[in-house]
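Not measured: the values here are computed from a predicted model. Proteins get letters first, then strands, A, B, ... in listed order; numbering begins at 1 in each.
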2 protein chains.
Amino acid sequence: MARKQSAPDCGLHAALAVLGGKWKPAILCELHRGPARFGALKRQVLGISEKVLFEQLRELESTGVVLRTVLDPAPPKTVEYSLTPAGAALTDAVQTLVEWGQHHVRIRASAPQSSIAS
Amino acid sequence: MARKQSAPDCGLHAALAVLGGKWKPAILCELHRGPARFGALKRQVLGISEKVLFEQLRELESTGVVLRTVLDPAPPKTVEYSLTPAGAALTDAVQTLVEWGQHHVRIRASAPQSSIAS
DNA sequence: CCGTATCCTCTACGATACTG
DNA sequence: CAGTATCGTAGAGGATACGG
């Protein structure tokens, strides 16, 4: 995604360009708990493929929310990914949305106002 | 979007399922300014096609953030779309993200830390 | 004016295998 | 372990035309 939008409504556009996509939320969520290596992320995020994990990581890196650090350049090199201050601020800003989501789910679960699911 | 995710990290999943997609943010942004008719939205959101606008509107309606009201059932019928209380709460919750986005953009504009856009 | 149907494109995402 | 390359797929989104 991160396609070009006709009218950049606001900063929302920028924010969604960063945490948009199928896996970025999960990745950010993991990194929010602390730094992690590539393999660790791959294991924690589950269903994700190496290729996609990498792409997402590079995008997150290029948007300045994730930091890539090479711990050991030796053949079986180890690299660590962590949140930048901006990334931390983002995951923090997202909390409001998280709460809305949780609340929203509960409301709809108890009071179905229209035909939603079968 | 609204695809199935391996691990519903949190309420974020729910929130993104609602404002995910290419146009929903823009649509929600417009409705945030007040109720609008189909044609009005079509005009304001610009690049969007009727089909997509409709799909998005229906999804927003089914997730309970947008309300559809038929004002005049007569042949050239008029319909109005507006935010439900939940929708208003959402656009409000999103403000934090908007601010982050705006701030983030300014930071990166003044201090490019890596190669981002061309 | 509002809504629906059809068809087509584009790209994010997926599976896998290989190199340093 | 980390990163790259290749090939394939599904589905969101786009253009357009018709119907109530």
**Student:** So, is B:R37 near the phosphate of C:dC2, with a side-chain N or O under 4.0 Å from OP1 or OP2?
**Tutor:**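 So the side chain of B:R37 is within the cut-off, an N or O lying under 4.0 Å from OP1 or OP2 of C:dC2.
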**Student:** Could you tell me the separation between the CD1 atom of A:I27 and the P atom of C:dC13, rounded to a whole number of Å?
**Tutor:** 10 Å
**Student:** When you check the gap from the basic side-chain N to the acidic O, do B:R68 and B:E80 get nearer than 4.0 Å?
**Tutor:**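 Judged by the 4.0 Å cut-off on N to carboxylate O distance, B:R68 and B:E80 do not form a salt bridge.
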**Student:** Side-chain contact test, heavy atoms from C-beta onward, threshold under 4.5 Å: evaluate it for A:P25 versus B:L16 and give yes or no.
**Tutor:**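 In short, these two side chains touch, coming nearer than 4.5 Å.
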**Student:** Would a 4.5 Å heavy-atom cut-off, applied to side chains only, mark B:L41 and B:I48 as touching?
**Tutor:**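 A side-chain contact is absent here, since even the closest heavy-atom pair is not under 4.5 Å.
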**Student:** In terms of side-chain heavy atoms of B:K51, which of D:dA2, C:dC7, C:dG14 is nearest?
**Tutor:** C:dC7
**Student:** Would you mind classifying the nucleic acid contact of B:E80 as base, sugar-phosphate or nothing, using non-hydrogen atoms under 4.0 angstrom?
**Tutor:** nothing
**Student:** Side chain of B:F54, heavy atoms from C-beta onward: which of C:dC2, C:dG3, D:dG14 has the nearest atom to it?
**Tutor:** C:dG3
**Student:** Look at the aromatic rings of B:F38 and B:Y81 and report parallel, tilted or perpendicular, splitting at 30° and 60°.
**Tutor:**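 Because their plane-to-plane angle lies in the 30° to 60° range, the rings of B:F38 and B:Y81 count as tilted.
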**Student:** For B:K22 and D:dA15, give me the distance from atom NZ to atom C1', rounded to whole Å.
**Tutor:**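 Going from B:K22 (NZ) to D:dA15 (C1'), I get 13 Å.
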**Student:** Kindly point out which of D:dG3, C:dC1, C:dG3 is positioned nearest to the side chain of B:F38?
**Tutor:** C:dG3
**Student:** Output the rounded distance in Å from CD (B:E55) to P (C:dA5).
**Tutor:**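 Taking CD of B:E55 and P of C:dA5, I get 11 Å after rounding.
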**Student:** Side chain of B:P76, heavy atoms from C-beta onward: which of C:dC1, D:dG13, C:dG14 has the nearest atom to it?
**Tutor:**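 Selected nucleotide (nearest to the side chain): C:dC1.
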**Student:** Could you check how far CD of A:E50 sits from P of D:dC1, rounded to whole Å?
**Tutor:** 10 Å
**Student:** What is the distance, rounded to the nearest whole Å, between atom CD of B:E59 and atom C1' of D:dA12?
**Tutor:** 9 Å
**Student:** How many Å lie between CG on B:L53 and P on C:dA5, as a whole number?
**Tutor:**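 Those two atoms, CG and P, are 16 Å apart.
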**Student:** In whole angstroms, how far is the P atom of C:dG3 from the CG atom of B:L41?
**Tutor:** 11 Å
**Student:** Could you work out which one of C:dC2, C:dG14, D:dG14 sits closest to the side chain of B:K77?
**Tutor:**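 The answer is C:dC2, which lies nearest to the side chain.
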**Student:** Nearest-Å distance, CZ (A:R68) to P (D:dA2)?
**Tutor:**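 Rounding to the nearest Å, CZ of A:R68 and P of D:dA2 are 10 Å apart.
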**Student:** Taking the side chain of B:V52 as heavy atoms from C-beta outward, which of D:dA15, D:dG13, C:dG14 is closest to it?
**Tutor:** D:dG13
**Student:** OP1 or OP2 of D:dC1 less than 4.0 angstrom from a side-chain nitrogen or oxygen of A:Y81, does that happen here?
**Tutor:** no
**Student:** Taking for each residue the nucleotide of DNA chain C bearing the nearest heavy atom, is the 5' side occupied by A:A74 or by B:R58?
**Tutor:**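 Nearest nucleotide further toward 5': that of B:R58.
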**Student:** OP1 or OP2 of C:dA12 versus the side-chain N and O atoms of A:Q56: is any pair under 4.0 Å?
**Tutor:** no
**Student:** Under 4.0 Å between a side-chain N or O of A:W23 and OP1 or OP2 of C:dG14?
**Tutor:** yes
**Student:** Are the side chain of B:W100 and the backbone N or O of B:Q95 linked by a donor-acceptor pair below 3.5 Å?
**Tutor:** no
**Student:** Quick check for you: among C:dG3, D:dA2, C:dA5, whose closest atom lies nearest to any side-chain atom of A:V79?
**Tutor:** D:dA2
**Student:** Could you check whether any side-chain heavy atom of A:L60 comes within less than 4.5 Å of a side-chain heavy atom of A:L19, counting everything from C-beta outward?
**Tutor:**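 They are not in contact (no side-chain heavy atoms under 4.5 Å apart), so the answer is no.
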